[in-house]
Number of protein chains: 2
Amino acid sequence: MTSDKKLKDILHQYGLKGTTARIIVLDVLVQSQVALSHADILSRIHGEDLDKVTLYRTLSSFVSVGLAHKVANEDRNWLYALLLQNNRRVGIDDHAHFICDQCERIYCLPMDAEDTISVPVMDNGFVIRSHEYRLHGTCPECN
Amino acid sequence: MTSDKKLKDILHQYGLKGTTARIIVLDVLVQSQVALSHADILSRIHGEDLDKVTLYRTLSSFVSVGLAHKVANEDRNWLYALLLQNNRRVGIDDHAHFICDQCERIYCLPMDAEDTISVPVMDNGFVIRSHEYRLHGTCPECN
DNA sequence: GTTTAATTGCAACTTTGTTGCATTATTTGT
DNA sequence: ACAAATAATGCAACAAAGTTGCAATTAAAC
Ligand SMILES: [Mn+2]
Ligand SMILES: [Mn+2]
Ligand SMILES: [Zn+2]
Ligand SMILES: [Zn+2]
């Protein structure tokens, strides 16, 4: 329910053309509190019809410019979520994911500096550059 | 290069029949220090030929009895590794994974009790039951 | 408004993994 | 060592997710 003008502006800020396909998809992603699959997004589009390939390419474009990121679910399908959380860009390495083992929803968890993760003791020769942290359990919707 | 008798004994310990396919696959997994894909395993088998479906089912049987576990790589293909580390069974929840971003190898990292991971601050309503930790960087082979 | 380059839709394709079923091999009991 | 029972195997067909090539369309810039 964000205005097309606002959505178009966001697309332009990220160097993308403000096409109707992108506006539709961005609107769906802005609405969602959880990461969405290709199928999830299609099912959230009513009258408008959008080719499946166009949707794949739209999502790829969002990821490549840093507007969105993708995370694999337990079935190893890609889910997509914006890196914008109420107009602030969240760093991709600065957040973890919560996977609800019941409803399979995936929530992005921005982490503060205090939320440090202590790494396991590594054999010599391994150089750690980043890390990926996935929490499993049940979400508020399932409790 | 483990004797067939020894491999067969391991299979029996886990309640599996000691078939030739399983002996071949288990031998490959015992040898490897990293997790292996379906394709990796096929490429490590010389004279013996093994149907692709049989290999998939062999790996599933190893996982379902707790002899092996599987972990998805960056391409979202399954990699398999034993839960036996020199005759001791490693808990599946008690270890992390190191992904080499250069050679794509995945190493299992058994974690001691000291190697605690501090969790990010969660909104109320989330119940955490387990976690999954993936470290990225470059491995000893690539340094 | 025209031009130009990017985006879209369609069809065909790829890759990884799964399912059904008839054949074969491993156990178990004699 | 042999036979019966049961589980594993091989083959072909299938499924799901995602990709590629290309001609037609559209957004942006002039
Ligand atoms: Mn996220
Ligand atoms: Mn592992
Ligand atoms: Zn849930
Ligand atoms: Zn490496």
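Proteins come first, then strands; the chains are lettered A, B, ... in the order of their sequence lines, and each starts at number 1.
A:His38 has its ring centre less than 6.0 Å from the ring centre of A:Tyr56. Two rings, from B:Tyr80 and B:Phe62, have their centers 6.0 Å or more apart. Aromatic ring centres of A:His69 and A:His95 lie closer together than 6.0 Å.
Straight-line distance from the OH atom of A:Tyr56 to the P atom of C:dC13: 19 Å, rounded to whole Å. Put simply, CG on B:Leu50 is 15 Å from P on C:dG17, counting in whole angstrom units. Across the protein-nucleic acid pair, A:Trp78 atom CH2 and C:dT15 atom P stand 18 Å apart, rounded to whole Å. Atom pair B:Ile24:CD1 and C:dT26:P shows a separation of 11 Å (rounding to whole Å applied). Rounded to an integer number of Å, the gap from CG of B:Asp51 to P of C:dT18 is 14 Å. As a whole-Å value, the separation of B:Asp75 CG from C:dG17 P is 11 Å. A straight line from CD of B:Glu74 to P of C:dT16 spans 15 Å, rounded to a whole angstrom. One atom, CG of A:Leu16, and another, P of C:dT7, lie 7 Å apart when rounded to the nearest Å.
Nearest to the side-chain atoms of A:Val53 among the listed nucleotides C:dC10, C:dT18, C:dT26 stands C:dC10. Comparing C:dT27, C:dT26, C:dT16 by their closest approach to the side chain of A:Arg76 singles out C:dT16. Ranking C:dT26, C:dT19, C:dT8 by closeness to the A:Thr19 side chain, first place goes to C:dT8.
Base engagement by B:Arg57 is indicated by at least one non-hydrogen atom pair under 4.0 Å involving a base atom. B:Ala21 comes within contact range of the sugar-phosphate backbone alone, with a heavy-atom separation under 4.0 Å but no base atom that close.
Within 6.0 Å of the CG atom in A:Asp75, the count of heavy atoms belonging to other residues, nucleotides or ligands exceeds 12.
Across every non-hydrogen atom of A:Val34 and A:Tyr107, the tightest pair is CG1-CE2, 3.6 Å.
You'll find a donor-acceptor pair under 3.5 Å spanning the side chain of B:Lys52 and the base of C:dG17, going by distance alone.
Taking 4.5 Å as the limit, every side-chain heavy atom of A:Arg134 sits out of range of all side-chain heavy atoms of B:His131. Side-chain contact between B:Cys139 and B:Phe98 is present, with heavy atoms from C-beta onward closer than 4.5 Å.
With DNA chain C read from its 5' end, the first of the two nearest nucleotides for B:Lys17 and B:Asn77 is the one closest to B:Asn77.
When DNA chain D is scanned 5' to 3' for any atom under 4.0 Å from a heavy atom of chain A, the first and last hits are D:dA17 to D:dA28.
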